[in-house]
Amino acid sequence: MGNCFSPSTFTDSSAEPTPTPLEHEQTAASSRRLSSAAKGKERVRDSLSRHHRRTSSFLMGTGPSLGALRTYATLPNPSTALPPSKLLLSTPNTIAVFDAYPKSKYHFLVLPRYPFPPQSEPDSNRSIVPLEALDDLKSLLLKADRRAKKEVLRAMADTAREVEEMIRDEMLKTEGFEWKIDVGFHAIPSMKHVHLHVISEDRISPALKTKKHHNSFRPDLGFFISIMEVQRWIQDDQNTLDRIESLSGAQALLDTPLTCFKCDEPFSNIPKLKQHMEKEFAKEKEIALKHIARHGRQRSSDEEMF
DNA sequence: GTTCTAGAAC
DNA sequence: GTTCTAGAAC
């Protein structure tokens, strides 16, 4: 696997800079300003409607960054269309991609593909869910039938497990020990197309810059929802509308005061928290490496991981 | 989702 | 004076 897996390459896979033709348009417009008042008004109107189209496309998640996942998920052949710097793996029903702005040392997204064929015929172009049901978790809960929900979530969970194994291999290679990995959804995502985060539990990354970043991945807060919890909702037939209401109410959780989610220590700003997370990781690594030196392994064979 | 930046916090 | 956050723009 080599360094194609290393977090440092994540930054290479980050989204292309947003093209900004606005400046050019304005220059061209101003050079013609005196030629004709009527044409001038026309240009202003054009420019305004272009601006509106662009703004609304961002809000609808079809812009260059907010709509990227939908583009990936609907590719007929992701492994030829996407470079290895973006695509980790693909199956008939799912793909796993590098998060363009990883919030930990390892951070991937698992997406259901569309069309999403039934497991019985993986090569068919038939989809057991409409595309609208794959907009986000809420849409999946509302617009897919129970059987399809379970199938989509199971396919995503299976791929997430595969991604976890790859991450653990890499952890062992680069740090000499393995640490926890979280698998879950954001209650309120900002990118279109339902995506499952597979993220190592260290929160050490240059792209983690704000309180909201940190809070949105806290495993204990409620904004980050483990896939096992979502699968329980469906398995136990819990009221879908109640679950969706709880998702919508999660926005306020992001304003929770900054504390280390491992030891609860409060911090007055992000740089201080980031320093602390480095220390937490160093401490965890030291303990794990000592344990391995003593026992020849990180966990005993009859013990559950973590 | 990120970037940019004004002004709050220090 | 510098650091940092939060809100608007994209």
Side-chain angles (χ1 to χ4, degrees), chain A residues 7-27 46-74 82 85-88 95-104 106-112 134-139 182 184-199 203 205-218 221 223-225 247-248 250-260 266-278:
Chain A
S8 60
T9 60
F10 291 4
T11 45
D12 299 335
S13 69
S14 55
E16 299 77 12
T18 308
T20 316
L22 195 61
E23 291 162 339
H24 301 279
E25 288 166 15
Q26 282 172 339
T27 313
D46 282 356
S47 158
L48 284 175
S49 80
R50 251 197 313 280
H51 177 262
H52 175 260
R53 270 200 303 279
R54 263 190 330 153
T55 303
S56 51
S57 82
F58 263 99
L59 293 173
M60 288 163 57
T62 55
S65 72
L66 298 186
L69 299 184
R70 171 56 53 85
T71 305
Y72 299 164
T74 51
L82 294 172
S85 59
K86 291 189 176 170
L87 183 71
L88 181 69
I95 60 172
V97 297
F98 288 75
D99 190 294
Y101 299 91
K103 303 304 187 293
S104 272
Y106 302 97
H107 187 182
F108 298 89
L109 305 178
V110 173
L111 323 179
L134 299 180
D135 282 355
D136 51 28
L137 182 58
K138 186 172 165 177
S139 301
D182 301 314
F185 300 93
H186 276 164
I188 302 171
S190 29
M191 283 183 297
K192 186 149 159 174
H193 201 83
V194 59
H195 52 283
L196 180 64
H197 294 271
V198 182
I199 181 170
R203 305 299 114 86
S205 168
L208 198 159
K209 296 175 176 174
T210 69
K211 177 161 79 173
K212 285 181 186 189
H213 287 157
H214 187 255
N215 283 342
S216 73
F217 286 104
R218 281 188 70 137
L221 199 62
F223 191 90
F224 186 87
I225 300 158
L247 290 181
S248 310
Q251 187 68 40
L253 297 170
L254 298 180
D255 291 325
T256 304
L258 258 193
T259 64
C260 170
F267 290 93
S268 56
N269 61 46
I270 284 284
K272 284 174 185 167
L273 174 72
K274 288 177 68 110
Q275 269 196 303
H276 172 80
M277 296 316 289
E278 295 276 5

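Heavy-atom basis, side chains included; hydrogens, waters and symmetry copies ignored. Just so we're on the same page: letters track the sequence lines, and every chain starts at 1.
- Only A:Asn269, A:Ile270, A:Pro271, listed by number, bring a heavy atom of residues 267-278 of chain A to less than 4.0 angstrom from any atom of DNA chain C.
- Put simply, CG on A:Leu254 and CG on A:Leu221 are 7.5 Å apart, with the number rounded to the nearest 0.5 Å.
- Ring geometry for A:Phe217 versus A:His186: interplanar angle of 30 to 60°, hence tilted.
- A:Lys272 pairs by the side-chain hydrogen bond (donor to acceptor under 3.5 Å, both in side chains) definition with A:Ser268, not counting sequence neighbours.
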Every protein N/O lying under 3.5 Å from an N/O of nucleotides 6-8 of chain C:
none

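- A:Thr71 meets the side-chain hydrogen bond (donor to acceptor under 3.5 Å, both in side chains) test with no other residue; sequence neighbours excluded.
- Partners of A:Asp135 under the salt bridge (charged side-chain N to carboxylate O under 4.0 Å, His left out) rule, at least two apart in sequence or in another chain, are A:Arg70.
- Here the side chain of A:Arg218 pairs a donor or acceptor atom with the backbone of A:Thr259 at under 3.5 angstrom.
- Here the straight-line distance linking atom NE2 of A:His107 with atom CZ of A:Phe98 works out to 12.5 Å at 0.5 Å rounding.
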Sub-3.5 Å pairs of nitrogen or oxygen atoms, protein against nucleotides 1-5 of chain B:
unit_1 : atom_1 : unit_2   : atom_2 : d
B:dG1  : OP1    : A:Ser190 : N      : 3.0
B:dG1  : OP1    : A:Ser190 : OG     : 2.8
B:dG1  : OP2    : A:His186 : ND1    : 3.2
B:dG1  : O5'    : A:Ser190 : OG     : 3.1
B:dT2  : OP1    : A:Lys103 : NZ     : 2.8
B:dT2  : OP2    : A:His213 : NE2    : 2.9
B:dT3  : OP2    : A:Lys209 : NZ     : 3.3

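- Between the A:Lys138 side chain and the A:Ala187 main chain, no donor and acceptor come within less than 3.5 Å of each other.
- The 12-atom threshold is not exceeded at NZ of A:Lys212, counting heavy atoms of other residues, nucleotides or ligands nearer than 6.0 Å.
- Minimum interatomic distance between A:Leu111 and A:His193 (heavy atoms only, all atoms of both residues): CB-CD2, 4.1 Å.
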